[in-house]
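Numbers restart at 1 for each chain; the letters A, B, ... are given by sequence-line order, proteins then strands.
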Amino acid sequence: MRLDNPAAADELRTRLINENKTFTRRLWVCGGPGCLAAGAAGVFAALADAVAGLGLAGSAGMSCELSGCLGLCEKGPLVQVEPEGWLYAKVTPADAPEIALETLSKGELIVRLLDDPKIPLKDDHPFYKPQRRLIMSRMGRTRPDSLEDYVAAGGYSALSKALSELGPGEVSRRVEASGLRGRGGGGFPAGRKWAACRSAPGPVKYVVANGDEGDPGAFMNRSLMEGDPFSVVEGMTLGAYAVGAAEGFIYVRHEYPLSVARLKKAVGTAEERGLLGENILGSGFSFKLRTVEGGGAFVCGESTALMASIEGREGQPRVKYVRSAERGLWDRPTLLQNVESWANVPAIVAEGPEWFKSIGAEGNPGTKVFSLVGQVRRSGLVETPLGTPVGTLVDGAGGGARPGRTIKAVQTGGPSGGCLPREKFDLPLDFDHLPAAGTIMGSGGLIVMDDLSCMVDVARYFTGFLSGESCGKCAPCREGLTLIGRILDDLCRGRGRRGDVLELASLGETLSRTALCGLGQSAANPLLSTIRYFAEEYREHEEEGFCRSGRCQGMFVPEIDADACRRCFRCAKVCPARAATVKSKREPPEIDLGACVSCGACLAECRFGALRAAPKKKTGETKARESSKPTPDDSSEAAAGRCSQAEARTGSQKEKKGPGSKRRRS
Amino acid sequence: MSAPIETMVSGTINGRTVAVAKDTPLLQAARDNGVGIPTLCHHPALPPDGNCRLCLVEVGGKLAASCLYPLREDGFSVVTESGKIAGARAFVVKLLLSRAPEDECLLRLAALYQTAPDPRLAGDEDGCLRCGRCVRACHAAGSDAVALVGRGRSRKVAGAFLEPPADCAGCLACARVCPTGAVKFRETKNSRSIWGKEFSLAPCPVCGRTVGTPEELARAGLDPGGALCPECRRRAMAGALLALPENAAPKRG
């Protein structure tokens with residue numbers, strides 16, 4: 001049925017809310033990416049069978065549905081029980097009959113299925129305690145592909161209000177006054193874009209959503225697009241109405257097939273119901289929305305490259321001296337925002353800017369979804385007000401380090417973000433404090449690293465990722481990142497040379513200033529932030545060829561602390577070189593350093609922190625390496641010394657012709 | 001340029017007040033006012049791309065690529081030489097030298113900005129700076145035969161599917177604009193080869209001088225078999241004009 005006037009949406013909502021009141025109890029199986037990967041589809045099928053078998057569905061007022069993401073991915077598959085608010089963790093299909101019989105039909109709690117037997121309520125769980133879910137508010141209580149569920153949960157109240165009473169100017173004003181900042185990473189005031197695009201001349205304008213999430217370990221946009229696609233669609237409709245656009249594009253990552261399908265379905269459903277397309281809600285306003293699948297390159301997440309990709313050109317950034325709001329897609333004024341920014345819009349328009357500003361921190365209103373991953377006890381999606389300290393997420397929601405480990409750092413903002421050390425965990429997560437500490441908000445990735453993560457290796461990994469994903473358009477990013485990556489490679493293989501770290505810092509800073517696009521300008525963040533906060537690890541790599549984290553192969557030896565060792569002998573079992581031998585059940589294993597390949601497998605296996613990485617004893621080989629290094633008092637030959645080292649290496653590379661080899665001959 | 005006065009903007013370049021038409025690229029404004037800025041990927045006949053980053057200057061204290069930066073508002077303050085700029089250019093030259101360590105222009109810049117190639121980038125010296133001038137020239141000539149393909153450090157200029165480009169007309173526009181001479185071609189009296197393709201060369205039916213490849217002549221709408229060379233064409237046209245009755249020399253006295 002088409003909704004042909006603004007009041008029709010509100011009438012539908014009232015009717016649906018009354019209908020939903022007939023439910024006595026519902027089970028929501030989390031259908032987020034984490035739980036689906038853990039087998040939620042099987043759990044859902046088994047539950048649906050069990051519920052049907054007991055004849056509970058339909059007239060009995062009970063149901064079992066697949067919902068959007070509940071966030072606690074580590075403990076998936078999750079099942080939420082309404083109205084009690086219980087949360088079952090690590091549910092298997094075998095648990096389904098019991099859940100259907102005991103919980104759904106009798107209302108009994110199954111303690112065995114709780115993550116913590118003392119905490120039955122989801123809202124009391126430490127993972128959810130620090131959270132405030134706005135973007136994810138509907139996830140866990142609506143079916144993602146159901147327009148009815150979205151409307152019943154308050155959806156489309158903003159659009160009907162905008163079309164019936166507010167008008168485009170007021171919609172734009174509300175977003176401007178809300179102080180919303182771009183959730184894609186930059187934190188640019190959204191209102192400024194809206195105002196600029198609204199006042200830009202020209203009959204043709206576009207709105208675009210960026211759903212090309214490509215950061216390793218990040219999946220908040222994916223969860224949003226899969227779990228609440230209508231919020232993105234409604235937000236974009238409001239944006240188009242405010243700036244006067246008749247056409248819009250959702251650029252979705254091709255590798256997110258479920259996101260693509262859900263968004264397409266949402267767009268189709270909204271069109272059928274008169275919430276998109278011609279004459280929306282009978283108001284005369286028309287807006288056509290299309291989904292575009294991404295080109296597969298990381299750089300396509302950069303706004304100008306994204307627009308080039310929509311236009312059918314190669315996804316390459318352009319210089320942004322003229323903003324997209326003025327000249328964007330096909331050189332027309334374009335309002336481009338991240339999907340999470342768009343999802344904020346309906347609530348801001350419906351509830352007003354003052355309400356939005358009451359959440360979050362000064363100058364950083366609202367909430368942000370973070371994907372908390374890495375070496376923590378509880379990984380998942382966490383939504384907190386902006387300005388929440390890093391530690392609240394890592395130690396509170398995340399539950400701190402895994403057994404036997406200590407947390408060393410957290411990387412914020414995805415691959416081009418920086419690493420914050422433990423001492424900085426009281427830093428508020430917002431768009432102002434993070435850049436001041438040498439990192440970025442990015443799209444909200446939080447990768448937690450423990451004492452087994454080598455920070456030089458972390459910089460090497462992310463530099464390698466970015467160098468591989470560099471589009472190659474500008475020289476600093478294309479060649480500069482390669483050079484930085486090679487120096488870091490050397491450091492992580494014990495081939496570091498005096499002055500490398502200093503040179504890295506200088507290369508990184510110059511790269512940040514000279515690269516063409518935002519990705520290139522931020523590409524040195526992992527390097528620069530780790531040099532800033534973990535200088536000692538860099539020094540050890542450069543000068544001593546030692547990796548204290550036991551990560552860089554061949555740059556440490558394992559050492560057992562006999563007091564901490566609990567004689568579990570797991571280390572001996574995992575050793576690929578059979579260098580650890582168990583002589584007696586009462587003694588720690590003996591490690592034969594001659595056989596040890598210093599791979600670090602034993603360190604990672606120990607749950608008691610009894611194994612640590614120690615510097616290698618100087619053997620003949622390492623001594624030779626040391627002595628070939630130019631010493632500081634060799635200063636007259638310092639520069640030449642560097643060259644000779646470099647030549648030695650170029651020479652060893654199959655005598656490739658290069659400036660190095662040429663100079664050696666002279 | 002006769003821009004109306006209200007579309008002029010003024011500001012300073014290296015402390016000197018200048019006024020230019022609104023939206024003039026900074027590089028052009030500087031050069032028009034006698035201030036030199038080094039460039040590599042820029043070519044006056046091609047649209048700017050801003051990829052080599054050599055033309056970076058300071059605008060209000062921040063680095064900007066002058067070839068693309070439009071002067072849009074009054075009160076701009078541009079500095080074209082500073083320690084920061086020299087550092088940035090030295091970085092760019094150092095990196096590009098790893099591709100073309102023997103290029104004279106780059107070596108002059110290396111001497112100017114006191115930098116040398118880093119041996120750790122050695123091994124990929126193909127002479128090409130990936131500046132894309134050839135690609136832009138090919139597009140402007142109407143062929144789009146070559147493009148920059150691949151990404152990151154494996155990016156290079158090539159035809160589609162890395163094959164000899166079907167659309168190449170052998171016009172040499174690419175080779176003519178290459179700043180380092182990395183676009184290689186061979187030419188004899190009757191043939192030319194470039195991008196792995198062989199072309200015959202059509203001689204001018206009047207003077208016998210090489211006019212171009214038949215493909216190139218066809219692309220320009222000329223007779224691929226017997227087009228005149230530019231000089232003979234001018235001569236022929238002038239002759240035709242003189243032959244018109246109204247152009248007959250007036251009889252004197």
Side-chain angles (χ1 to χ4, degrees), chain A residues 297-299 314-322 466-487 489-490 497 500 503 506-507 509-516 520 642-643 645-651 653-654 656-664, chain B residues 23 25-26 40-41 48-54 56 58-59 62-72 84-85 87-99 101-102 107 110 116-125 129-132 135 147-156:
Chain A
F298 179 72
V299 72
E314 185 188 6
Q316 293 239 317
R318 66 165 172 83
V319 178
K320 265 200 267 193
Y321 297 132
V322 181
L466 292 166
S467 160
E469 292 293 342
S470 161
C471 77
K473 178 169 178 174
C474 78
C477 181
R478 181 184 66 234
E479 315 283 344
L481 268 184
T482 308
L483 178 57
I484 291 173
R486 290 193 181 166
I487 300 175
D489 265 346
D490 279 356
R497 299 194 293 260
D500 272 356
E503 190 180 355
S506 145
L507 288 172
E509 271 158 27
T510 318
L511 169 64
S512 314
R513 283 203 296 265
T514 53
L516 187 150
R642 277 201 51 112
C643 282
Q645 288 249 329
E647 282 153 27
R649 182 165 167 260
T650 359
Q653 287 182 346
K654 291 180 250 161
K656 277 181 189 159
K657 266 191 199 146
S661 54
K662 217 181 286 167
R663 216 172 305 146
R664 188 164 59 140
Chain B
D23 283 323
L26 175 43
L40 280 171
C41 72
D49 198 43
N51 68 58
C52 77
R53 317 305 285 169
L54 190 68
L56 290 171
E58 281 188 53
V59 185
K62 278 181 82 176
L63 290 178
S66 58
C67 64
L68 279 166
Y69 192 90
L71 295 171
R72 316 187 87 200
K84 193 179 183 183
I85 295 167
R89 291 187 190 155
F91 175 66
V92 169
V93 171
K94 176 206 226 18
L95 296 175
L96 290 176
L97 269 173
S98 73
R99 298 291 194 173
E102 282 158 18
L107 287 172
D118 193 299
R120 282 169 289 203
L121 278 180
D124 295 306
E125 298 84 357
L129 307 180
R130 276 77 178 155
C131 71
V135 176
L148 279 155
V149 300
R151 68 179 180 223
R153 206 155 193 265
S154 46
R155 189 169 167 82
K156 63 177 180 182

Sub-4.5 Å side-chain heavy-atom contact between A/Ser470 and B/Arg151: no
Winner by heavy-atom pair count (cut-off under 4.5 Å) against chain B, out of A/Val319, A/Leu466, A/Leu511, A/Thr482: A/Thr482
SB check A/Glu469 B/Arg153 (cutoff 4.0 Å): no
Heavy-atom side-chain proximity of B/Asn51 to A/Gln316 below 4.5 angstrom: no
Charged N-O contact under 4.0 Å between B/Asp49 and A/Lys473: yes
Selection from A/Ala297, A/Pro476, A/Ala475 maximising heavy-atom pairs under 4.5 Å formed with chain B: A/Pro476
Backbone of B/Ala65 reached by a side-chain donor or acceptor of A/Tyr321 within 3.5 Å: yes
Interchain contact, A/Leu507 with chain B, by part (heavy-atom threshold 4.5 Å): both
Contact origin within B/Ala64 toward chain A - heavy atom pairs under 4.5 Å: both
A/Ser467 portion near chain B, given a 4.5 angstrom heavy-atom threshold: backbone
Contact class of B/Leu129 relative to chain A, heavy atoms under 4.5 angstrom: backbone
Pair A/Asp500 + B/Arg120, salt bridge at N-O below 4.0 Å: yes
Which atoms of B/Arg89 approach chain A - backbone, side chain, both or neither, heavy atom under 4.5 Å: neither
From CG (B/Leu63) to OG (A/Ser512), nearest 0.5 Å: 11.0 Å
Over 12 non-hydrogen atoms of neighbours within 6.0 angstrom of CZ in A/Phe298: yes
Atom group of B/Arg155 that falls short of 4.5 Å from chain A, counting heavy atoms: side chain
Nearest-0.5 Å distance, CZ of residue B/Arg99 to CD of residue A/Glu479: 4.0 Å
Side-chain donor or acceptor of B/Arg53 paired with backbone N/O of A/Thr514 under 3.5 Å: yes
Neighbour count >12 (heavy atoms, 6.0 Å) for atom NZ, B/Lys156: no
CZ on A/Arg486 to CG on B/Asp118, rounded to 0.5 Å: 9.5 Å
Contact class of B/Leu96 relative to chain A, heavy atoms under 4.5 angstrom: side chain
Portion of B/Leu56 that has a non-hydrogen atom of chain A nearer than 4.5 angstrom: side chain
